[in-house]
A.B. asks: 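Before I ask anything, here is the structure I am working with.
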Amino acid sequence: MQRLVRSTAILGLGSIAAVIAAIFRAKILASWLGPEGTGLLAQLSTLTAVLAPLATLGIGSGLITLIAEARSRNDVERIRRVEAAGRTIAWGLGGALALGAIVLSPWLASAIYRDSSFAWAVALGAASVPFSAVASVRVSMLQGHEAVRANAILNTTIAFVGIATIVPLAYFFGVRGAVAQLVVITAVWAWWAGRLLAPHTAPGPRPWGVDRSLWRPLLRYGSAALLVGLSSTLALLVLRSMLVARLGLAQNGIYQVCLGVSGMVMPLVLSSITATVWPEIAAKARDEDAAEPMRSAVRLGFLLTTAILSGLLIGAPVWVPLFYSGKFIPALDLLPIQFLGDYFRCAAWMFGIWLVPRERLKPWVLFELVYGASLLAAFVLLVPRLGLKSVVVAYVIAHVTHAVLHYWLARRRVNFRLGPANRRLLLGSFALMAGLAAWSPRTLPEMGLGMVAWVGWVLLVVRPHEWQGVLRRARRFLPGA
């Protein structure tokens, strides 16, 4: 558990610059473009999030594995061929998809915006796809080379470039400038990732093309990842397109507050824990041996998720108008339900964290497809009655389904049990999140009561030896310690 906490802290701190940049960008867009402009950009980002993985065929994890294996054997030629395959697929397929999206931009704009006059946004956003694909495969190559410092430098640099470019582009050119910034950022990301990768690549010419022997291993890793990624992003794109059609771009912009905060907090927590737990589970001799690291991951995941999200929810009346604008105040009615959905999202992720490292890919893909179908079905059924709130209610329903499936399989296949301490943590966390969803603080006195509830949750779920560990680490930073 101590190793997991330390590794998660290091990886999490490396993403702080990106989070700061995302907050700054959200504030600029909300203040200058309003809910409608924010909704337009959110829809475009969702479209590119569907196209970019297609442009790489999901081979990122395959690149990491094949490069790491070749490095262990000091097989320089193999590394050269793997990197050539990644470059060729990303530039070739990314360019083809971008060209196709530009040609089809009037029809795509009609599909996602219900307005073909936004074809310019689709065409301009499509230009970012090949750069995003190339940057993605280069990041995977850096991970294969275990270039942790280079990845940290890359994330920090791109965060600062994002801050430096959004202000002039959005100020002088409005929503068109904000769309153009997506192209600028991805182009710099791809170029800078290449520069950082260069010291780790073998000297000599850099070939192009995909060696036949590499197709099978790359696609074996990529197909499952691609299906999982597309099931969630495509479901979100379809949902948001229906949302725009029924309620308009401005309501899509209000919803972006919920999605934006979840999109910053949840990947930061879940990915940081996963980076440490996956190798540990993969090294186990049997599936049943994954239960113990899973319990540690569940505990840390729920402690961090509940602490951060409940704190954000208590302070929402302050930070929503501060980091967005007064026009986004209606998001206060959605955030409690969205964060309750994130509670179940954490549960689903942690209960299923063993599937990929143990190469149980079929249930991983199947459960993701069930999640996407549940999300869309619940939204379609609820939107006539609940309006915008139907999106976040559907999010909760889909993740409850997701979590139940993963927990059932983990109990059956790896004999996973929560244990008394984790059971108390999950119940206490659910009580806090559900209570804040039923009664959301709006005034300063109510926020004070919310903080009392937060402190009570901490005292209830944090164990004595965990407090002792926190105090030991805190003393290291005290003068004279």
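Note that these values count all heavy atoms, side chains included, but never hydrogens, waters or copies made by symmetry. One is the number of the first residue; the rest follow in order along the sequence.
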A.B. asks: Does Leu386 offer a backbone N or O that forms a donor-acceptor pair with the side chain of Ser390 under 3.5 Å?
C.D. replies: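 Not confirmed, Ser390 side chain does not pair with Leu386 backbone.
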A.B. asks: If you measure from CG on Leu169 to CD1 on Ile185, what distance do you get to the nearest 0.5 Å?
C.D. replies: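 Nearest 0.5 Å value for the CG-CD1 distance: 9.5 Å.
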A.B. asks: Taking side chain as C-beta onward, heavy atoms only, is Asp342 less than 4.5 Å from Val265?
C.D. replies: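 Counting from C-beta outward, Asp342 and Val265 never come under 4.5 Å.
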A.B. asks: Looking at Ala410 and Met294, what are the two nearest heavy atoms and their distance?
C.D. replies: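 Minimum heavy-atom separation between Ala410 and Met294: CB-CE, 4.0 Å.
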A.B. asks: Would Leu182 and Thr48 count as a side chain to side chain contact (heavy atoms under 4.5 Å, CB included) here? Give the steps.
C.D. replies: CA-CA 10 Å; Leu182 296 176; Thr48 57; 5.6 Å; no
A.B. asks: Less than 6.0 angstrom separating the ring centers of Phe131 and Trp189, yes or no?
C.D. replies: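 Judged by ring-centre distance (under 6.0 Å), Phe131 and Trp189 do not meet the cut-off.
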A.B. asks: Using only atom types and a distance under 3.5 Å, with no angle test, would you say the side chain of Asn252 pairs donor to acceptor with the backbone of Gly39?
C.D. replies: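 Yes; judged by distance alone, with no hydrogens or angles, the pair exists.
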A.B. asks: More than 12 heavy atoms of other residues, nucleotides or ligands under 6.0 Å from CH2 of Trp107: yes or no?
C.D. replies: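 Result for CH2/Trp107: open.
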A.B. asks: Any side-chain donor paired with an acceptor under 3.5 Å for His145 and Glu83?
C.D. replies: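 Distance-only check passes for His145 and Glu83.
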A.B. asks: Do Tyr395 and Arg345 come within less than 4.5 Å of each other through their side chains, counting heavy atoms only?
C.D. replies: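 Yes, close enough: below the 4.5 Å cut-off.
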A.B. asks: What's the spacing between Ile254 CD1 and Glu36 CD if we round to 0.5 Å?
C.D. replies: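 Answer rounded to 0.5 Å: 11.5 Å.
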A.B. asks: What do the steps show when you test Asp287 against Arg358 for salt bridge (charged side-chain N to carboxylate O under 4.0 Å, His left out), and what is the final call?
C.D. replies: CA-CA 7 Å; Asp287 286 351; Arg358 300 305 302 174; 2.8 Å; yes
A.B. asks: Looking at every heavy atom in both Ala297 and Val277, which two are closest together, and how far apart are they?
C.D. replies: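 Closest pair (atom of Ala297, atom of Val277, distance): CB-CG2, 3.9 Å.
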A.B. asks: Under 30°, 30 to 60°, or over 60°: which ring-plane class applies to Phe416 and Tyr407, parallel, tilted or perpendicular?
C.D. replies: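 Plane angle over 60°, so perpendicular.
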A.B. asks: When rounded to the nearest 0.5 angstrom, what distance separates OG1 in Thr306 from CG in Leu313?
C.D. replies: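 Result: 12.0 Å between the selected atoms.
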A.B. asks: Is a side-chain N or O of Trp208 found less than 3.5 angstrom from the main chain of Ala84, in a donor-acceptor match?
C.D. replies: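 Such a contact is absent between Trp208 side chain and Ala84 backbone.
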A.B. asks: Taking C-beta and beyond as the side chain, do Val257 and Leu334 meet within less than 4.5 Å on heavy atoms?
C.D. replies: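 SC-SC contact between Val257 and Leu334 ruled out.
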A.B. asks: Spell out, as yes or no, whether a donor-acceptor pair under 3.5 Å connects the side chain of Ser105 to the backbone of Ile102.
C.D. replies: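 Yes.
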A.B. asks: Is a side-chain donor or acceptor of Tyr343 paired with a backbone partner of Met433 at a separation under 3.5 angstrom?
C.D. replies: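 Not a single qualifying donor-acceptor pair exists.
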A.B. asks: How many angstroms lie between atom CG of Leu197 and atom CZ of Arg87, to the nearest 0.5 angstrom?
C.D. replies: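 Atom-to-atom, Leu197:CG and Arg87:CZ are 8.5 Å apart.
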A.B. asks: Judged by modelled atom types alone, do Gln338 and Ser262 share a side-chain donor-acceptor pair under 3.5 Å?
C.D. replies: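 Yes, because at least one side-chain N or O of Gln338 sits under 3.5 Å from a partner of the opposite role on Ser262.
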A.B. asks: Which pair of heavy atoms, one from Pro293 and one from Lys284, lies closest together, and at what distance?
C.D. replies: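 Reported closest heavy-atom pair: CG-CE, 4.1 Å.
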A.B. asks: As a quick check of understanding, evaluate side chain to side chain contact (heavy atoms under 4.5 Å, CB included) for Val370 and Thr401, giving each step before the final call.
C.D. replies: CA-CA 8 Å; Val370 171; Thr401 305; 4.0 Å; yes
A.B. asks: Mind listing the closest non-hydrogen atom pair of Ala245 and Arg114 along with its distance?
C.D. replies: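 Minimum heavy-atom separation between Ala245 and Arg114: CB-NE, 3.4 Å.
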A.B. asks: If you define the side chain from C-beta out and look only at heavy atoms, does anything of Leu376 sit under 4.5 Å from Tyr371?
C.D. replies: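 No, too far: nothing below the 4.5 Å cut-off.
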A.B. asks: Assess whether side chain to side chain contact (heavy atoms under 4.5 Å, CB included) is satisfied between Leu214 and Arg78, documenting all intermediate values.
C.D. replies: CA-CA 10 Å; Leu214 294 175; Arg78 173 97 168 160; 3.5 Å; yes
A.B. asks: Taking the side chain as every heavy atom from C-beta outward, state whether Lys327 and Pro321 have any atom pair closer than 4.5 Å.
C.D. replies: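 With C-beta onward as the side chain, the pair stays apart.
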A.B. asks: Within a 6.0 Å radius of atom CZ on Arg212, are there more than 12 heavy atoms belonging to other residues, nucleotides or ligands?
C.D. replies: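 Open.
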A.B. asks: List the atom of Leu375, the atom of Ala235, and the distance in Å for their closest heavy-atom pair.
C.D. replies: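 So the minimum-distance heavy-atom pair works out to CD2-CB, 4.5 Å.
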A.B. asks: Would the distance check show the side chain of Ser136 and the main-chain N or O of Ser132 forming a donor-acceptor pair, the cut-off being under 3.5 Å?
C.D. replies: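 Such a contact is absent between Ser136 side chain and Ser132 backbone.
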A.B. asks: Can you name the nearest heavy-atom pair linking Gly94 to Ala55, along with the distance?
C.D. replies: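 Heavy-atom minimum between the residues: CA-CB, 3.6 Å.
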A.B. asks: Does Val261 reach the side chain of Phe339, with side-chain heavy atoms less than 4.5 Å apart?
C.D. replies: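 Touching, per the 4.5 Å side-chain cut-off.
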A.B. asks: Got a second to check how far Gln43's CD is from Gln256's CD, nearest 0.5 Å?
C.D. replies: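 Between atom CD of Gln43 and atom CD of Gln256 there are 10.0 Å.
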A.B. asks: I'd like to know whether Leu243 forms a side chain to side chain contact (heavy atoms under 4.5 Å, CB included) with Phe379, so could you lay out the CA-CA distance, the side-chain angles of the two residues, the decisive distance to 0.1 Å, and finally the verdict.
C.D. replies: CA-CA 9 Å; Leu243 178 63; Phe379 172 74; 4.3 Å; yes
A.B. asks: If we ignore hydrogens and angles and just use 3.5 Å, is the side chain of Thr186 paired with the main-chain N or O of Val183 as donor and acceptor?
C.D. replies: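 Side chain of Thr186 to backbone of Val183: a pair is present.
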A.B. asks: Using the six-membered ring of Trp354, assess whether NZ or CZ of Arg360 lies under 6.0 Å from its centre and within 45 degrees of the ring axis.
C.D. replies: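 Pair Arg360/Trp354 does not count as cation-pi.
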A.B. asks: Specify whether Phe302 and Phe351 have parallel, tilted or perpendicular ring planes, treating 30° as the upper limit for parallel and 60° as the lower limit for perpendicular.
C.D. replies: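 Phe302 vs Phe351 ring planes: tilted.
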A.B. asks: Whether the side chain of Thr88 engages the backbone of Gly209 through a donor-acceptor N/O pair (distance < 3.5 Å, no angle test) should be reported.
C.D. replies: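 Yes: the side chain of Thr88 pairs with the backbone of Gly209.
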A.B. asks: Looking at Ile308, Leu303, Leu309, which one forms a side-chain contact (heavy atoms from CB on, under 4.5 Å) with Thr305?
C.D. replies: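 The option that passes is Leu309.
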A.B. asks: Do Phe344 and His402 have ring centroids that are under 6.0 Å from one another?
C.D. replies: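 So the answer is no for these two rings.
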A.B. asks: Quick check: does any side chain N or O of Gln181 sit under 3.5 Å from a backbone N or O of Gly162, one acting as donor and the other as acceptor?
C.D. replies: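 Confirmed, Gln181 side chain pairs with Gly162 backbone.
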A.B. asks: Answer yes or no: is there a side-chain heavy-atom contact under 4.5 Å between Met141 and Val82?
C.D. replies: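 No. Closest side-chain heavy atoms not under 4.5 Å.
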A.B. asks: Are Arg176 and Val179 close enough that some pair of their side-chain heavy atoms sits under 4.5 Å apart?
C.D. replies: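 No, every pair of side-chain atoms sits at 4.5 Å or beyond.
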A.B. asks: To the closest 0.5 Å, what do you measure between CD (Glu368) and CG (Leu405)?
C.D. replies: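 Interatomic distance, Glu368 CD to Leu405 CG, rounded to 0.5 Å: 10.5 Å.
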A.B. asks: For Tyr324 and Phe328, take the angle between the two ring planes, folded into 0 to 90°, and tell me which bin it lands in: parallel under 30, tilted 30 to 60, perpendicular over 60.
C.D. replies: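 The rings of Tyr324 and Phe328 sit tilted, inter-plane angle from 30° to 60°.
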